[in-house]
Asker: 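After the structure tokens below, expect a handful of questions from me.
Every number for a ligand or one of its atoms is a count from 1 in the order of the listing.
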Amino acid sequence: MSQKFSRRDFNKLLVSGVAGSALGIFGAVRPAYAAQNRIVVIGGGFGGASAAKYLRKLDPSLSVTLIEPKATFYTCPFSNWVLGGLKNMEDIAQTYTVLKNRYGVNVIADSASSIDAAKGTVTLKSGKVLNYDRLIVSPGIDFKWNSIEGYSESVSNTKMPHAYEAGPQTALLHKQLLAMNDGGTVLICPPANPFRCPPGPYERASLVAHYLKEKKPKSKIIILDPKDKFSKQGLFKKGWEKLYPGMIEWRSVATGGKISKVDAAAMTVTTDFGVEKGDVINIIPPQQAGKIAVDAGLTDASGWCPVNPITFESTIHPGIHVIGDACIAGAMPKSGFAASSQGKVVAASIIRLCQGKVPAPPSLVNTCYSLIGPGYGVSVAGVYKLTSAGIVEIPGSGGLTPMDADDDHLNEEATFARGWYNNIVQDIWG
Ligand SMILES: Cc1cc2nc3c(=O)[nH]c(=O)nc-3n(C[C@H](O)[C@H](O)[C@H](O)COP(=O)(O)OP(=O)(O)OC[C@H]3O[C@@H](n4cnc5c(N)ncnc54)[C@H](O)[C@@H]3O)c2cc1C
């Protein structure tokens, strides 16, 4: 099969939702009869909600408790579409009603404040203590607040939002863009690798440009990047030249992209090359695993959690499985699709472990769409397998939208992106 043919067919499989089963992820799983195992899941985002739902779906006899403080979970996927005026906050809101009522997940609206790996307990903020036989930790990311002088959580909540956890942060950045005058400058400052959703800042620049082109065409966007290349770079640059000529400027580390300091009062950032002023400033700080994973000692020196690549069980604390952005998953990027894929794999592994069986080596999937304009989508996809080198991408299993894709193809990818979103949120929370 040619690269172009296999990519489009693969995307169609993913959108129709059959890729996971077609790849044999769940084929060997059977319900565990009379299992008495108590599974606790921390975090009801892409990884945790997927794991909780699929545990109950695959074995309704399991006791599954999901701890999540938010009654409404706003998805980061499509939050850039909100910034571009293509979606509303309600369009990206998910709740836990179906997990509770249809799948029998015991959802507790609280946060985990500590884990005792030796005793097998989780203590909640309310003071309640839960016992577990197996614990799944999927808390997403936390920010390294001290890494940029002048930037703090309080600055992010008032003047310079990161909008890298969707919800109030997305709403704040959106409000600032709406309030900006025509002719203003938007600074977008992504972090160094590794970080959540590698194409996210560049999709954001694209969709903010879409909004500005329509409403404030004299404005500009400068991306100040501490890297010398970024995800889907060729495709993004081509799209920017076509849809927003002259509006988006990307500065790499070599051309002054690395920021070291911000001044929230003056609305400036300092780079190696000087001081840059912005009317709207989006700082996406360096990241690490969610706080509870750090506090529980599940991270290594990298700030992320090392895991067994078959079961996603922590290599530091047995009995605790870490999935999603927080874990080190080899070649897999930190994406919602990857987190959900890992959630299903960990559900299948835990059921086999509860049955006293050996978990099967997983097949894992990722696909990530980015919208450059409303009818202009691009994507990257891959299938991953386990080798002696850890989780690696199977050569030729996925790939990128071809650079010479025509308008119909790009429009079709934008349609696939919408299908992908509807399918994955239904699969996880529906
Ligand atoms: C702008 C943007 C666009 C993106 N677009 C895409 C995309 O198009 N496709 C894609 O696949 N991915 C995308 N992503 C990436 C995706 O959002 C993440 O990779 C994904 O959310 C990771 O899932 P997770 O389960 O690790 O964390 P999350 O989904 O963030 O879930 C973590 C949950 O844990 C909860 N939590 C944290 N600490 C505790 C605690 N102590 N106790 C209880 N609960 C806790 C949090 O409240 C949260 O609900 C995007 C990200 C961004 C920022």
Asker: Please write down residue, atom name and distance for the protein heavy atom closest to atom 47 (O) of ligand 1.
Answerer: Glu68 OE2, 2.9 Å
Asker: At under 4.0 Å between heavy atoms, is it the side chain or the backbone of Glu203 that contacts ligand 1, or both, or neither?
Answerer: neither
Asker: Side chain, backbone, both or neither: which applies to Ile292 and ligand 1 if a contact is any heavy-atom pair less than 4.0 Å apart?
Answerer: side chain
Asker: Considering only heavy atoms, does Arg196 approach ligand 1 within less than 4.0 Å through its side chain, its backbone, both, or neither?
Answerer: side chain
Asker: Please state which option from Ala296, Gly343, Pro69, Gly47 has its nearest heavy atom closest to atom 44 (N) of ligand 1.
Answerer: Pro69
Asker: Of Gly44, Cys76, Ala112, which has the heavy atom at the shortest distance from atom 40 (C) of ligand 1?
Answerer: Ala112
Asker: Should the proximity of Trp420 to ligand 1, defined as any heavy atom under 4.0 Å, be assigned to the side chain, the backbone, both, or neither?
Answerer: side chain
Asker: Just going by heavy-atom distances, which of Pro199, Gly336, Ala289 is nearest to atom 12 (N) of ligand 1?
Answerer: Gly336
Asker: Looking only at protein heavy atoms, which one is nearest to atom 39 (C) of ligand 1, and how far off is it?
Answerer: Ile42 CG2, 4.2 Å
Asker: Heavy-atom pairs closer than 4.0 Å: do any link ligand 1 to the side chain of Glu165, the backbone, both, or neither?
Answerer: neither
Asker: What do you reckon, are the aromatic ring centroids of Phe46 and Trp429 less than 6.0 Å apart?
Answerer: yes
Asker: With a cut-off of 3.5 Å and sequence neighbours excluded, list every side-chain donor-acceptor pair involving residues 317-324.
Answerer:
residue : atom : partner : partner atom : Å
His317  : NE2  : Ala296  : O            : 3.2
His321  : ND1  : Thr311  : O            : 2.9
His321  : NE2  : Arg134  : NH1          : 3.0

Asker: Mind checking whether Gly140 has a heavy atom under 4.0 Å from ligand 1?
Answerer: yes
Asker: Quick one: look at Asn80 and ligand 1, take heavy-atom pairs under 4.0 Å, and tell me if it's side chain, backbone, both or neither.
Answerer: side chain
Asker: Just to verify, what does Thr95 make a side chain to side chain donor-acceptor pair (under 3.5 Å) with, not counting sequence neighbours?
Answerer: Thr97
